[in-house]
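Since the structure comes first, as structure tokens, the remarks are kept for the end.
Positions are given from 1, in the same order as the sequence printed here. Counting convention: from 1, in listed order, for ligands and their atoms alike.
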Amino acid sequence: MQNRVVMLADFDYFFAQCEELRNPAIKDKPVVVGVYSGRTEESGAVSTSNYIARKYDVKSGMPIFLAKRKLEGTDAIFFKVDHEYYDQISDRIMKIFRSYPSSLEQVSVDEAYLDVTEQVEGSFEKAREYAQKIKADIKTQVGISFSIGVGPNKLVAKIACDSQKPNGLTIVKPEEAKAFLAPLAVDRLLGVGKKTMVRMDQMGIKTIGDLAKYDCPRLIEVFGKSLGLYFHNAANAIDNEPVVEQGEAESISRIGTLKQDTRDLAFILQKTDELTEYVFKDLIERNLSFKLVSIYLVMVDLSSKTRSVTLDQPSKDKETITRNVKSLFEKFLGESTLEIRRVGVKISGFHKEEPHQRSLTLFFQ
Ligand code: TTP
Ligand code: CA
């Protein structure tokens with residue numbers, strides 16, 4: 001069997017790069033994009049920043065006030081996330097990607113796998129030219145730069161891509177894959193979180209190379225059959241997951257922070273109506289109907305809850321969302337005494353109205 005040639009394209013500092021695209025004058029300044037909770041001007045978290053801001057140690061997830069402190073004295077510019085605009089840019093790029101490869105799998109707003117085996121006839125040399133051409137085309141047509149990792153499978157392509165950013169092109173041939181992974185820390189593998197890393201550390205496994213050499217039956221004993229086998233294979237650069245176009249997103253949702261902690265239904269519904277507008281807009285774009293309406297809540301003690309209702313009939317109707325969200329909240333407030341801090345609206349259980357409709361996967365964010 002011919003080896004596969006798989007690419008992962010990951011757009012550079014994506015939200016911040018989109019902001020640069022529409023305001024080219026800010027390109028040489030630190031640029032930070034954040035989600036503002038709306039409570040005070042500075043409360044909220046950094047979504048991402050350009051590489052100039054990263055030099056000042058600004059990181060995704062950091063509170064905005066901290067990013068401001070780190071950038072004090074610079075001419076940094078702060079933006080509020082504009083998902084609609086980033087989605088548009090992403091859609092344009094994905095559309096161009098679709099004109100190239102035999103198969104494409106979009107994994108997020110700024111990442112996609114491309115299986116280009118046929119296009120490059122299995123050759124990693126040709127893959128380099130091919131990747132350069134894709135990068136140049138997108139740069140000219142859309143103006144966005146990204147990094148590409150090329151490998152014999154998705155796992156190697158992803159890690160290759162992460163190893164050189166921004167504007168990187170990293171190629172790992174099949175015969176180099178094991179040696180490429182070996183020195184890296186085990187948590188670079190998908191599925192190795194903090195807990196697993198600690199457990200592996202106790203077993204003397206620090207690098208992917210250590211894991212590759214580790215006795216496979218013992219791994220299965222410790223982590224169970226499927227996870228144990230997955231770890232063994234992954235560490236040995238074995239991954240047979242095909243690049244497949246994802247189906248419809250399974251849900252559409254939006255979440256937001258209330259201006260103040262509350263148990264006041266009218267106040268909550270004001271916020272959820274706003275969220276419902278966004279959810280409904282996505283629904284219309286995708287021409288779907290839904291059977292499940294859910295609410296999501298984060299309480300003052302930061303515990304989170306969800307409540308759902310299944311409809312008798314699929315619906316396409318905004319009023320159905322609003323009405324069910326209201327009754328779910330009414331019911332919930334009767335069950336709990338804690339104040340609510342954040343709220344979310346989600347619809348799911350989709351029925352496709354038309355084939356070939358697709359869009360981005362949206363999660364609670
Ligand atoms: P990433 O690909 O992780 O980051 P990036 O594109 O900003 O930077 P790079 O790939 O060059 O390292 O995330 C993609 C987008 O997802 C990012 O632009 C903003 C958003 N995001 C958040 O909103 N919160 C987060 O904590 C992270 C990591 C990303
Ligand atoms: Ca990215």
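Geometrically, Lys305 does not engage Tyr296 in a cation-pi contact, judged by NZ or CZ lying under 6.0 Å from the ring centre and within 45° of the ring axis. Judged by the 6.0 Å and 45° rule, Lys80 forms no cation-pi pair with Tyr36.
For atom 21 (N) of ligand 1, the nearest non-hydrogen atom of the protein is Ser47 O, 3.5 Å. Closest to atom 7 (O) of ligand 1, if we only count protein heavy atoms, is Thr48 OG1, 2.4 Å. Counting protein heavy atoms only, atom 14 (C) of ligand 1 is closest to Asp110 OD2, 3.2 Å. In terms of protein heavy atoms, atom 12 (O) of ligand 1 is closest to Arg54 NH1, 3.1 Å. In this structure, the protein non-hydrogen atom closest to atom 10 (O) of ligand 1 is Lys165 NZ, 2.8 Å.
Residues Asp301 and Ser303 bring a donor and an acceptor atom of their side chains to less than 3.5 Å of each other. A donor and an acceptor atom, one from each side chain of Asp12 and Ser145, are located under 3.5 Å apart. Between Asn153 and Glu241, the side chains place no donor N or O within less than 3.5 Å of an acceptor N or O (distance only, hydrogens not considered).
Under a 4.0 Å heavy-atom criterion, Tyr86 is not in contact with ligand 1. Put simply, no part of His83 is less than 4.0 Å from ligand 1, judged by heavy atoms.
Looking only at its N/O/S atoms, Asp110 has OD2 as the one nearest to the Ca ion (ligand 2). With respect to the Ca ion (ligand 2), Asp10 has OD1 as its nearest N, O or S atom.
The Ser60 neighbourhood of ligand 1 comprises atoms 25 (C), 26 (O), 27 (C), 28 (C), with distances under 4.0 Å to a heavy atom of that residue. Atoms of ligand 1 lying under 4.0 Å from at least one heavy atom of Tyr51, given by number and element, are 9 (P), 11 (O), 12 (O).
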Quiz item: Should Phe332 and Ile340 be marked as a side-chain contact (heavy atoms from CB on, under 4.5 Å) after you check the CA-CA gap, both sets of side-chain angles, and the distance that decides it?
Solution: CA-CA 11 Å; Phe332 180 83; Ile340 298 169; 4.3 Å; yes
Quiz item: For Arg342 and Leu297, what are the C-alpha separation, side-chain angles and deciding distance, and is it a side-chain contact (heavy atoms from CB on, under 4.5 Å)?
Solution: CA-CA 6 Å; Arg342 308 188 77 201; Leu297 312 92; over 6 Å; no
Quiz prompt | Residues Asn50, Gln17; criterion side-chain hydrogen bond (donor to acceptor under 3.5 Å, both in side chains); working and verdict | solution = CA-CA 7 Å; Asn50 69 0; Gln17 199 187 168; over 6 Å; no
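For atom 20 (C) of ligand 1, the choice among Tyr13, Phe15, Phe14 with the nearest heavy atom turns out to be Phe15.
At a threshold of 4.5 Å between non-hydrogen side-chain atoms, the residues Tyr278 and Ile252 do not count as touching.
Counting heavy atoms under 4.0 Å from ligand 1, residue Val35 does not touch it at all. Contact annotation for Phe11 and ligand 1: only backbone heavy atoms (N, CA, C, O) come within less than 4.0 Å of the ligand.
Checking atom 3 (O) of ligand 1 against the protein gives no heavy-atom contact under 4.0 Å.
In this structure, Phe97 and Phe11 have tilted ring planes: the angle between them lies in the 30° to 60° band.
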